[in-house]
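Predicted model only: the values in this text are computed from it and were never measured.
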Amino acid sequence: MSMLHRIKAEKTSKASRPQVPFEQREPIYPLSLFFTIVERNQSRYYENAYQEAGASMSLTLYAHSMPPEEILAILGEMETKKDIVITVCRSELIPSLKEIAQKRFAVSKAAKGVAFACPIDAVQGIAAYRFLADQNKDIRMEETKHGRK
């Protein structure tokens, strides 16, 4: 069978199958954004720790805070260069990410920061959702257990 006939046969067989909505074929996991704002050069720790905890993606932004004089008078002298780590993860991971952040914040005054989560209400496109929800996580974990990669 030629390549063209195979492609036509695949299209015909796919078209004849009833279309089942994605949410009925696959489990749907709620997603969240977890923000961690820390002193400059602290972000690498959080990126690695969150990835080990199961987060699908982290993005670090470099920021420079410019608080008003009144706030500086209350807070005292502080470093104004910050790292903002934005992590996309399944909502079920939020408690473990908070625990990671709290433990790190307790290490020293230089490790202090702010961490909070926001739910993601909608994602456009199945491929984008599958990536953000790390749909293949369970398959990878199973293969790792059995020694396959």
Side-chain angles (χ1 to χ4, degrees), residues 7 10-11 13-149:
I7 292 172
E10 281 181 24
K11 283 184 181 179
S13 67
K14 284 181 182 178
S16 64
R17 282 188 249 151
Q19 294 293 324
V20 179
F22 179 77
E23 61 273 5
Q24 293 176 6
R25 288 181 285 147
E26 302 281 339
I28 301 295
Y29 303 99
L31 299 175
S32 291
L33 288 175
F34 190 72
F35 293 86
T36 311
I37 304 170
V38 293
E39 300 295 332
R40 185 62 54 93
N41 300 320
Q42 297 279 328
S43 61
R44 182 77 57 183
Y45 170 82
Y46 295 97
E47 291 171 0
N48 294 334
Y50 294 164
Q51 183 180 13
E52 287 176 22
S56 60
M57 179 180 78
S58 288
L59 170 71
T60 299
L61 305 175
Y62 300 105
H64 185 81
S65 67
M66 296 172 49
E69 292 297 322
E70 298 83 22
I71 301 297
L72 280 175
I74 294 169
L75 295 176
E77 199 60 34
M78 58 184 262
E79 177 60 46
T80 58
K81 292 182 179 180
K82 305 289 182 191
D83 286 354
I84 303 171
V85 182
I86 303 171
T87 304
V88 179
C89 65
R90 294 181 185 180
S91 295
E92 64 197 37
L93 294 176
I94 294 298
S96 57
L97 298 186
K98 281 183 183 177
E99 186 178 331
I100 290 168
Q102 286 174 338
K103 285 181 180 177
R104 181 65 176 192
F105 293 163
V107 169
S108 73
K109 190 174 181 177
K112 294 284 184 205
V114 176
F116 60 94
C118 297
I120 296 176
D121 292 332
V123 175
Q124 181 65 34
I126 293 172
Y129 171 77
R130 290 180 70 129
F131 171 75
L132 294 174
D134 200 7
Q135 287 266 315
N136 296 327
K137 174 185 172 188
D138 299 327
I139 296 168
R140 280 196 320 276
M141 300 286 264
E142 193 64 32
E143 287 179 352
T144 304
K145 260 192 240 179
H146 294 6
R148 293 175 282 188
K149 272 204 165 185

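- Side-chain atoms of Tyr46 never come within 3.5 Å of backbone atoms of Leu97 as a donor-acceptor pair (strictly under, hydrogens ignored).
- Inter-residue side-chain proximity for Leu33 and Val88 is flagged as met; some heavy-atom pair is nearer than 4.5 Å.
- Counting heavy atoms from C-beta outward, Tyr45 and Ile100 have side chains that approach closer than 4.5 Å.
- By the side-chain hydrogen bond (donor to acceptor under 3.5 Å, both in side chains) test, Tyr50 pairs with Thr36, sequence neighbours left out.
- Residue Thr87 is tested with Ser56, Ser58, Ser32 for a side-chain hydrogen bond (donor to acceptor under 3.5 Å, both in side chains); the sole match is Ser58.
- Using a 4.5 Å cut-off on side-chain heavy atoms (C-beta onward), Phe35 and Val114 make no contact.
- With contacts defined as side-chain heavy-atom distances shorter than 4.5 Å, the pair Phe116/Ile37 qualifies.
- To the nearest 0.5 Å, atoms OG (Ser91) and CD1 (Ile120) are separated by 7.5 Å.
- Within a 6.0 Å sphere centred on CZ of Arg40, heavy atoms belonging to other residues, nucleotides or ligands number more than 12.
- In plain terms, the two heavy atoms of Tyr29 and Ala133 that are nearest each other are CD1-CB, 4.5 Å.
- A salt bridge is absent between Glu39 and Lys81; no separation between the charged side-chain nitrogens and carboxylate oxygens falls under 4.0 Å.
- Partners of Glu99 according to the side-chain hydrogen bond (donor to acceptor under 3.5 Å, both in side chains) rule, which considers only residues two or more places apart in sequence or in another chain, are Lys103.
- For the atom pair Arg90 CZ and Leu132 CG, the distance stands at 11.5 Å (nearest 0.5 Å).
- We find the CD-CG distance between Glu92 and Leu31 to be 10.0 Å, quoted to the nearest 0.5 Å.
- Among all heavy-atom pairs drawn from Glu47 and Val85, the shortest one is CG-CG1, 4.4 Å.
- To the nearest 0.5 Å, atoms OH (Tyr129) and CD1 (Ile28) are separated by 4.5 Å.
- The distance from the NZ atom of Lys98 to the CZ atom of Phe105 is 11.5 Å, given to the nearest 0.5 Å.
- The two residues Phe34 and Ala117 come nearest to each other via the heavy atoms CD1-CB, 3.8 Å.
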